[in-house]
Amino acid sequence: MSSDHWCTPAVVDRCNLDFFGKKYFDPCSNKVSILSTYKALTAGGLHLPWHRQTFENNPYSKMLRWVQKGARELAAGNVEELVTLWPVATSTVWWKQAVGNMPVPAPKTGGAEVWSPNPTIVFPKRLAFLDGNGKPVQGCRFDSVFFLYGPEKRHRQFLRSFNSLINWSTRGR
């Protein structure tokens, strides 16, 4: 794929709908998205407020900015449940902030630093992302990971909803 926009496959949409129980918000969508969202942004996701139940599969070239935005939205109370689909990159700053090992610095416009809440992390089977025409991308060369940030009582439901995709998780099986 010639860009860093890896379109989310339909199987993930089905898991999201099972988990959220209805349509959800996508702050980093694109013109060819197949997700069942009630609202999707194709621009402005880093600047506009997010919604209570959010799914994020952001452009991978800007991981740090998206991780920080998500942490700030959770801290502000705009987002109650956030499910993310990201590449596995355990040695990066954004990963350390995502798992809560490093604080997210205060924005330049003011405010305080925040810490990401303790997520449930799920390593799925290798996913077949979609290209700009909605066709599966052959030979995806990276592993993916789902993070769930939200109430502890919902973590088991998350694992049940995503069970068909799971290879391994931080909560066990």
Side-chain angles (χ1 to χ4, degrees), residues 5-42 45-46 48-60 62-63 66-90 94-95 97-100 104 114-130 134 136-137 140 142-173:
H5 294 272
W6 294 80
C7 296
T8 307
V11 66
V12 175
D13 186 48
R14 287 192 298 276
C15 294
N16 278 332
L17 288 171
D18 184 60
F19 175 66
F20 289 129
K22 58 184 175 183
K23 296 181 180 187
Y24 50 90
F25 174 67
D26 180 359
C28 37
S29 189
N30 60 52
K31 295 181 287 192
V32 297
S33 176
I34 60 165
L35 297 181
S36 302
T37 60
Y38 69 86
K39 184 171 183 178
L41 300 176
T42 56
L46 285 170
L48 298 170
W50 292 2
H51 297 251
R52 186 173 164 267
Q53 293 180 306
T54 297
F55 171 76
E56 173 192 358
N57 176 15
N58 55 266
Y60 294 165
K62 295 180 173 68
M63 288 302 303
W66 285 97
V67 167
Q68 292 174 348
K69 171 67 172 175
R72 290 183 186 121
E73 290 292 317
L74 287 159
N78 295 335
V79 174
E80 183 178 309
E81 294 176 326
L82 172 61
V83 174
T84 67
L85 173 56
W86 293 329
V88 175
T90 59
W94 70 260
W95 183 278
Q97 289 179 352
V99 299
V104 171
V114 297
W115 290 81
S116 293
N118 187 22
T120 289
I121 302 171
V122 170
F123 294 88
K125 302 168 188 168
R126 182 100 13 126
L127 297 172
F129 288 86
L130 305 178
V137 174
C140 178
F142 58 85
D143 288 322
S144 300
V145 64
F146 291 102
F147 279 64
L148 165 65
Y149 301 96
E152 184 70 29
K153 65 184 179 189
R154 293 275 288 152
H155 288 234
R156 286 192 194 278
Q157 175 60 38
F158 174 72
L159 292 174
R160 278 193 298 275
S161 297
F162 283 75
N163 187 49
S164 65
L165 302 179
I166 295 174
N167 266 347
W168 186 85
S169 84
T170 60
R171 301 281 178 185
R173 285 184 47 152

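For residues 24-39, the set of pairs meeting the salt bridge (charged side-chain N to carboxylate O under 4.0 Å, His left out) definition, not counting sequence neighbours, is empty. Among residue pairs with one or both ends in residues 68-78, those qualifying as salt bridge (charged side-chain N to carboxylate O under 4.0 Å, His left out) are K69-E73; sequence neighbours excluded.
For the pairing with W86, the ring pair (Phe, Tyr, Trp, His ring centres under 6.0 Å) check across W94, F123, Y60 returns one residue only, W94. The side chain to side chain donor-acceptor pair (under 3.5 Å) test with Y38 singles out one residue from H51, Q53, K22, and that residue is H51.
Interatomic distance, CD1 of I166 versus CG of L159, reported as 5.0 Å (0.5 Å rounding). Going from atom CG of L85 over to atom OG1 of T8 covers 5.5 Å, rounded to the nearest 0.5 Å. Distance check: N58 CG to S29 OG gives 12.5 Å after rounding to the nearest 0.5 Å. To the nearest 0.5 Å, the span separating CZ on F55 from SG on C15 amounts to 10.0 Å.
Here the two rings, on F20 and F25, have centers that are 6.0 Å apart or farther. Checked against the 6.0 Å centroid threshold, W95 and F147 count as a close aromatic pair.
Counting heavy atoms from C-beta on, the side chains of L165 and V12 come closer than 4.5 Å.
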side-chain contact (heavy atoms from CB on, under 4.5 Å) evaluation trace for F129 with N57: CA-CA 11 Å; F129 288 86; N57 176 15; 3.9 Å; yes

Verdict with reasoning, V11 to R14, per side-chain contact (heavy atoms from CB on, under 4.5 Å): CA-CA 5 Å; V11 66; R14 287 192 298 276; 3.6 Å; yes

Pair L148-V122, side-chain contact (heavy atoms from CB on, under 4.5 Å): steps then yes or no: CA-CA 8 Å; L148 165 65; V122 170; over 6 Å; no

Chi angles and distances behind the side-chain contact (heavy atoms from CB on, under 4.5 Å) call for L46, W66: CA-CA 7 Å; L46 285 170; W66 285 97; 3.5 Å; yes

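D143 contributes no side-chain N or O that, together with a main-chain N or O of V88, makes up a donor-acceptor pair within less than 3.5 Å. Remark: the backbone N or O of G150 is paired with a side-chain donor or acceptor of H155 at under 3.5 angstrom. Using a distance-only test at 3.5 Å, with no hydrogens or angles considered, no donor-acceptor pair links the side chain of T54 to the main chain of L82. Between the side chain of W50 and the main chain of G45, a donor-acceptor pair closer than 3.5 Å is present.
The side-chain contact (heavy atoms from CB on, under 4.5 Å) search around K153 returns P151, not counting sequence neighbours. Residues that satisfy the ring-ring contact (aromatic ring centres under 6.0 Å, His included) test with F162, not counting sequence neighbours, are F146, F158. In this view, V32 and C7, N30 satisfy the side-chain contact (heavy atoms from CB on, under 4.5 Å) rule, not counting sequence neighbours. Scored by the side-chain contact (heavy atoms from CB on, under 4.5 Å) test, Q157 finds D18, F19, R154, R160, S161 as partners (sequence neighbours excluded).
Heavy-atom minimum distance, A128 versus P9: O-CB, 3.3 Å. For the pair A75 and V114, the tightest heavy-atom approach, listed with the atom from each and the gap, is CB-CG1, 3.7 Å. In plain terms, the two heavy atoms of L17 and S36 that are nearest each other are CD1-OG, 3.6 Å. Residues Y149 and A98 approach most closely at OH-O, 2.6 Å, considering heavy atoms.
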